[in-house]
Amino acid sequence: MTGTKLIGKSTWEFQNDVRVLSSAATVGPMEGEGLLRESFDKIYPDLYAGEETWEKAERKMLEDAVSLAIEKAGLTPEQIDFYLAGDLLNQNISASFSAKTNQIPFLGVYGACSTSMLSLALAAVLVDGGYARHVIAGVSSHNCTAEKQYRYPTEYGGQKPETAQWTVTGAGACLLGRSGDGPVVRYATVGKVTDLGVKNPMDMGSAMAPAAAQTIQAHFADTGRSPEDYDLIVTGDLAKVGLPIARELLKNAGFEMGEHFADCGLMIYTQKQETFAGGSGCACSAVVTYGHLLREMMRNKWKRILVVATGALLSTVSYQQGEAIPCIAHAVAFEMEEGKEGKA
Amino acid sequence: MEKHRQKEKELAYEKIANKHRPKPKIWMNSLKAFVIGGLVCVLGQALMLMYIHWFGFKPEKAGDPTAATLIFISCLLTGLGVYDRIGQWAGAGLAVPVTGFANSIASSALEHRAEGYVLGVGGNMFKLAGAVIVFGTLSAFVIGLIYTLTGLVR
């Protein structure tokens with residue numbers, strides 16, 4: 001029976017009723033004043049979240065998102081078999097330090113901002129394959145820790161271009177299992193690393209757009225689905241610059257994406273909040289998907305959605321040495337069964 | 001051959017991407033930088049006159065307290081968390097004068113306070129300003145050398 005769960009070239013089909021048991025999203029103050037403020041489980045009043053450093057604050061947000069998701073499913077950490085997590089900080093410290101706190105057997109994963117769907121896809125594999133009953137996937141990012149590591153000090157007054165993006169402060173966690181009436185995890189398409197020569201770390205949208213387009217095309221080719229089969233297709237953090245580029249690339253490949261093609265980076269902040277091209281970071285796709293999209297699915301707003309998390313796999317060393325930014329995107333398809341309404 | 005094909009793909013992509021990238025507002029940014037940079041100089045001049053007339057500084061010595069005052073204002077605004085917002089709007093107008101240099105040091109020091117005073121603040125204060133100091137000193141040396149050599153010829 002080998003190979004039956006692999007369809008096409010790079011898509012996994014989950015056949016054993018893998019479902020979202022619960023999900024949670026925690027965010028910083030700015031996200032808490034944004035468009036999705038009603039959708040988040042916890043909003044911290046400041047960027048320190050009651051901790052001494054930004055790094056500890058990011059970890060706290062991840063820990064809180066994970067424990068909230070477990071609590072919402074009516075489970076305890078002891079009942080969770082594995083914890084898959086990743087973040088943007090060097091050596092994945094937010095994820096691994098949070099695993100020290102919750103003491104769930106831990107697998108650290110890294111795919112930059114694509115880690116949300118990367119960890120979720122792997123969690124679904126473990127559940128579907130019978131290697132675990134309950135797996136929780138989580139990611140985090142923090143505006144200040146990301147700026148500190150990748151760019152300039154937060155209080156530095158250098159001018160940023162319009163193509164720059166704003167790293168989302170927050171964390172998201174999603175618990176998968178095989179029971180309940182939540183959204184079913186149907187497919188996951190694993191992306192290939194692409195590089196079309198974009199070198200500017202202040203322009204991640206155009207660096208990542210080809211990776212998103214490629215993974216979406218691969219998903220359609222593998223599953224035989226088309227854009228019309230989804231009520232919503234969202235990319236992780238392409239924002240104002242990257243989303244129209246991805247739309248054009250897909251159009252050139254013969255896919256008219258239509259009205260239901262959106263980006264998480266454009267869903268979090270209001271027009272007034274100055275975020276340049278829009279949101280980015282691991283938490284960007286995570287808080288939108290786990291806080292907003294899955295919840296709306298349970299309210300039957302959408303039946304089928306495809307979340308395509310995009311990641312820029314650069315480091316400060318690689319771009320200072322003049323290398324282009326390699327990017328990746330992973331897609332996960334969620335579905336609600338006909339005539340069912342889950343508990344939100 | 002493979003390299004050539006990649007280059008072609010990159011160029012084709014660049015054309016698509018450029019259609020969707022917002023154009024940098026070069027003229028507006030230059031105008032803002034000119035006006036703001038000019039205003040910083042006006043403020044500097046006013047401070048200098050103040051030090052000369054009210055505090056009895058000799059004109060050739062009044063530059064020192066003037067620069068110190070501008071640095072103080074810049075660091076204070078950095079600490080209050082407003083300098084980065086003004087800097088985003090004003091661009092090079094604030095970055096080129098001594099205000100930008102002060103901000104780069106103060107912001108780095110603040111940023112790395114969490115890693116302690118010695119390794120954090122001490123080790124990172126000049127993270128951004130270091131390059132300015134190195135190449136500032138180097139270019140001063142080169143200009144000095146040219147000046148001396150042309151002086152010898154004359």
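All values below were derived from every heavy atom in this structure, side-chain atoms included, with hydrogens, water molecules and symmetry-related copies excluded.
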Point-to-point distance, once rounded to the nearest 0.5 Å, from CG of A:Leu249 to OH of B:Tyr13
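So the gap between those two atoms works out to 6.0 Å.
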I need the minimum non-hydrogen distance between A:Leu196 and B:Gln6, along with the two atoms involved.
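For A:Leu196 versus B:Gln6, the nearest heavy atoms are CA-NE2, 4.2 Å.
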Can you confirm whether more than 12 heavy atoms, excluding those of B:Glu10, are under 6.0 Å from its CD atom?
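Enclosed: over 12 neighbouring heavy atoms sit under 6.0 Å from CD of B:Glu10.
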Assess whether atom CG of B:Leu145 is packed by more than 12 heavy atoms of other residues, nucleotides or ligands within 6.0 Å.
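Counting other residues, nucleotides and ligands, CG of B:Leu145 exceeds 12 neighbours.
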Which bit of A:Leu243 is near chain B, if near means a heavy-atom gap under 4.5 Å: side chain, backbone, both or neither?
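Nothing of A:Leu243, per the 4.5 Å heavy-atom cut-off to chain B.
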Whether over 12 other heavy atoms sit under 6.0 Å from A:Gln271 CD
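Atom CD in A:Gln271 is not packed in, count stays at 12 or less.
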Determine the option with the most heavy-atom pairs under 4.5 angstrom with chain B, choosing from A:Pro244, A:Ala324, A:Gly197.
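Ranked by contacts with chain B, first place is A:Pro244.
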Crowded around A:Tyr150 OH? As in, over 12 foreign heavy atoms under 6.0 Å?
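It does: A:Tyr150 OH has more than 12 such atoms within range.
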Quick check for you: among A:Glu162, A:Lys240, A:Lys56, which has the greatest number of heavy-atom pairs under 4.5 Å with chain B?
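Heavy-atom pairs under 4.5 Å are most numerous for A:Glu162.
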Summary of side-chain hydrogen bond (donor to acceptor under 3.5 Å, both in side chains) pairs that have at least one residue in residues 245-256 of chain A, sequence neighbours excluded
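Non-adjacent pairs meeting side-chain hydrogen bond (donor to acceptor under 3.5 Å, both in side chains): A:Glu248-B:Lys19, A:Glu248-B:His20.
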Whether over 12 other heavy atoms sit under 6.0 Å from A:Trp54 CH2:
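It does: A:Trp54 CH2 has more than 12 such atoms within range.
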Options B:Arg21, B:Lys127, B:Lys23, ranked by heavy-atom pairs under 4.5 Å with chain A, top entry
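Heavy-atom pair counts peak at B:Arg21.
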Residue-level interface, residues 85-116 of chain B with chain A, non-hydrogen cut-off under 4.5 Å:
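The residues closer than 4.5 Å to chain A, in numerical order, are B:Gly87, B:Gln88, B:Trp89, B:Gly91, B:Asn103, B:Ser104, B:Ser107, B:Ser108, B:Leu110, B:Glu111, B:His112, B:Ala114, B:Glu115.
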With a cut-off of 6.0 Å (strictly less than), are more than 12 heavy atoms of other residues, nucleotides or ligands near CD of A:Gln320?
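Counting neighbours around CD of A:Gln320, more than 12 heavy atoms of other residues, nucleotides or ligands fall under 6.0 Å, so yes.
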Can you name the residues that form a side-chain contact (heavy atoms from CB on, under 4.5 Å) with A:Ala262, not counting sequence neighbours?
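Listed in chain order: A:Leu232, A:Val234.
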B:Asn124, part contacting chain A, at a heavy-atom distance under 4.5 Å:
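Neither; nothing under 4.5 Å.
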Which pairs pass salt bridge (charged side-chain N to carboxylate O under 4.0 Å, His left out) with one or both residues in residues 37-57 of chain B, sequence neighbours excluded?
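Every candidate salt bridge (charged side-chain N to carboxylate O under 4.0 Å, His left out) pair involving residues 37-57 of chain B fails, so no pair, neighbours aside, qualifies.
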For A:Tyr156 and B:Asp84, which heavy atoms make the closest approach, and how far apart are they?
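Minimum heavy-atom separation between A:Tyr156 and B:Asp84: O-CB, 3.5 Å.
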Give, for atom CG of B:Asn18 and atom OG of A:Ser206, the distance between the pair rounded to the nearest 0.5 Å.
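B:Asn18 CG to A:Ser206 OG: 8.5 Å, rounded to 0.5 Å.
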